[in-house]
Amino acid sequence: IFSWKDVARSFDYDGFEIISKQQFEFLINALAAGSKSGSSIPMNWFWGRWYNAKGQLSVFKYALQAKKSVSWGQARPWSSPEFIASLLDIAQTDQYPIVRQMFEIPLRSCPDLLLINLSRVQPIWTRLKKKMIDLLIPQFLTMSHPQSTNVLKTVNEIDPSVIEKGAISLYISNPTTLTSILDILQSLKGSGTLDRLLANNDNTNGTYFVLDLVCLAQRRELVNLSSWLNQRLSDKSTELKFASKCVEFLTRKMQTSNNV
């Protein structure tokens with residue numbers, strides 16, 4: 001069955017690249033005339049993985065500058081998880097620096113939309129997605145953004161791992177944010193996010209974060225520290241490793257206290 005979407009995808013060949021606004025307008029006008037789609041072309045014709053990532057990216061670059069000749073299917077380009085997913089895919093090629101620069105636009109203008117729609121891109125956890133979330137999550141976990149509460153609730157409903165990974169990264173970069181992190185986790189009651197974080201044992205830094213978090217949660221009477229420790233030490237396969245991390249954690253705390 002003939003499809004104009006397939007026609008758009010036929011430009012996925014070696015050598016195709018849009019290098020000027022005039023070339024982009026010619027392409028879009030030709031597709032619009034042939035498809036009789038009206039004054040704008042749906043950008044979902046260009047979604048997905050292209051063999052020629054550079055050519056696909058050139059279309060996106062000029063589409064972002066276009067006013068009325070393309071339709072994003074949403075009010076704004078950065079409201080589209082499909083668009084973001086396509087960019088993340090392209091970023092896994094040698095086009096990473098260009099894609100990274102393109103994300104500067106939503107980082108400044110609509111960080112809330114970007115974080116929500118990055119969360120909708122699943123199960124992709126590419127280098128650029130992690131980078132973007134690490135840049136975005138601090139302003140929400142520290143309540144610096146006016147929509148922090150609503151955004152985090154939405155993200156938590158979509159993909160709780162975004163908040164969990166973001167909380168660990170934020171703590172590693174700035175341990176003094178622990179109180180703010182727990183405040184947020186308490187506001188997400190019933191989500192199970194706090195319980196999942198307290199069960200984390202993925203890596204050394206993650207373990208330090210969990211130990212610091214459980215101590216603060218104990219002081220707020222959110223968890224029974226003795227029961228939690230007994231449960232973690234009951235697993236014979238990880239008992240010695242976890243006990244060693246506890247000793248390292250306490251040593252760090254003592255050294256920090258002595259330096260104050």
Side-chain angles (χ1 to χ4, degrees), residues 2-13 16-93 95-126 128-129 131-133 135-136 140 145 147 150-151 154-155 157-159 162:
F2 179 81
S3 165
W4 280 97
K5 180 177 181 180
D6 291 336
V7 174
R9 288 298 298 263
S10 71
F11 291 99
D12 182 12
Y13 62 84
F16 170 78
E17 182 183 3
I18 300 293
I19 59 173
S20 70
K21 180 180 178 181
Q22 291 71 27
Q23 285 186 353
F24 177 77
E25 290 177 345
F26 179 83
L27 171 65
I28 295 302
N29 289 337
L31 290 171
S35 63
K36 297 181 174 58
S37 60
S39 58
S40 63
I41 291 297
M43 282 305 297
N44 63 14
W45 287 3
F46 300 93
W47 294 166
R49 178 173 296 179
W50 277 34
Y51 171 77
N52 178 10
K54 186 176 183 180
Q56 183 185 28
L57 185 59
S58 71
V59 173
F60 291 158
K61 174 184 174 182
Y62 286 97
L64 284 171
Q65 301 171 16
K67 299 296 183 181
K68 299 179 180 180
S69 59
V70 298
S71 170
W72 296 92
Q74 306 283 345
R76 304 163 73 175
W78 303 104
S79 296
S80 170
E82 294 83 5
F83 173 55
I84 292 173
S86 296
L87 286 177
L88 292 177
D89 204 33
I90 294 172
Q92 297 188 86
T93 71
Q95 300 301 304
Y96 178 95
I98 299 175
V99 178
R100 171 65 184 84
Q101 185 61 37
M102 289 173 71
F103 271 99
E104 285 298 321
I105 300 171
L107 277 173
R108 293 192 302 268
S109 63
C110 52
D112 49 345
L113 273 181
L114 181 57
L115 181 59
I116 288 171
N117 286 294
L118 278 169
S119 303
R120 289 194 169 110
V121 179
Q122 299 181 41
I124 301 173
W125 267 95
T126 64
L128 184 56
K129 178 177 178 178
K131 175 69 173 178
M132 288 298 101
I133 288 176
L135 289 173
L136 287 162
F140 296 99
H145 191 280
Q147 294 297 318
N150 291 334
V151 169
T154 300
V155 169
E157 291 171 359
I158 298 169
D159 183 5
V162 170

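In this text the structure is predicted, and so the values were computed from the model without any measurement.
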>> One pair to check against side-chain contact (heavy atoms from CB on, under 4.5 Å): Leu57 and Met102. What are the steps and the verdict?
In response: CA-CA 10 Å; Leu57 185 59; Met102 289 173 71; 3.4 Å; yes

>> What verdict does the side-chain contact (heavy atoms from CB on, under 4.5 Å) test give for Leu115 and Val162, after you've listed the backbone C-alpha separation in whole Å, the side-chain angles of each residue and the deciding distance to 0.1 Å?
In response: CA-CA 9 Å; Leu115 181 59; Val162 170; 4.2 Å; yes

>> Set out, in order, the CA-CA distance, both residues' side-chain angles and the distance that settles side-chain contact (heavy atoms from CB on, under 4.5 Å) for Met43 and Phe60, then state yes or no.
In response: CA-CA 9 Å; Met43 282 305 297; Phe60 291 158; 3.6 Å; yes

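The nearest pair of heavy atoms linking Ala85 to Val121 is CB-CG1, 3.8 Å. A pairwise comparison of heavy atoms in Val70 and Ala66 identifies CG2-CB, 4.2 Å as the closest pair. The two residues Phe16 and Leu27 have their closest heavy-atom pair at CZ-CD2, 4.2 Å. The two residues Ser119 and Gln122 come nearest to each other via the heavy atoms O-NE2, 3.1 Å. Between Phe24 and Ala63, the closest heavy-atom pair is CZ-CA, 3.6 Å. The shortest heavy-atom contact between Ser35 and Ile41 is OG-CD1, 4.0 Å.
Side-chain contact of Glu82 with Ser80: a donor-acceptor pair under 3.5 Å is present, judged by distance alone.
Atom OH of Tyr51 has 12 or fewer neighbouring heavy atoms from other residues, nucleotides or ligands inside a 6.0 Å radius.
Interatomic distance, Leu135 CG to Leu114 CG, rounded to the nearest 0.5 Å: 9.5 Å. Note that the CD1 atom of Ile116 and the CD atom of Glu157 stand 10.0 Å from one another [nearest 0.5 Å]. If you take CD on Gln92 and CZ on Arg49, they are separated by 6.5 Å, rounding to the nearest 0.5 Å. Within the model, atoms CG of Asn44 and OG of Ser71 stand 8.0 Å from one another, a figure rounded to the nearest 0.5 Å. The distance from atom CD of Gln56 to atom OG1 of Thr93, rounded to the nearest 0.5 Å, is 9.5 Å. In this structure, the separation between CZ on Arg76 and CG on Leu113 is 5.0 Å, given to the nearest 0.5 Å.
A donor-acceptor pair under 3.5 Å is formed between the side chain of Ser86 and the backbone N or O of Gly48. A distance-only check finds a donor-acceptor pair linking the side chain of Lys129 to the backbone of Leu118 [under 3.5 Å]. Formation of a donor-acceptor pair under 3.5 Å by the Arg9 side chain with backbone atoms of Trp47 is found in this model. Remark: the backbone N or O of Leu87 is not paired with any side-chain donor or acceptor of Gln95 at under 3.5 angstrom. No side-chain donor-acceptor contact under 3.5 Å links Asn52 to the backbone of Asp12.
Across Phe83, Trp45, Phe46, a single residue satisfies ring pair (Phe, Tyr, Trp, His ring centres under 6.0 Å) together with Trp72, and that is Phe83.
Put simply, the side chain of Leu107 reaches to within 4.5 Å of the side chain of Glu104, judged on heavy atoms.
For Phe103, the ring pair (Phe, Tyr, Trp, His ring centres under 6.0 Å) criterion is met by Trp78, not counting sequence neighbours.
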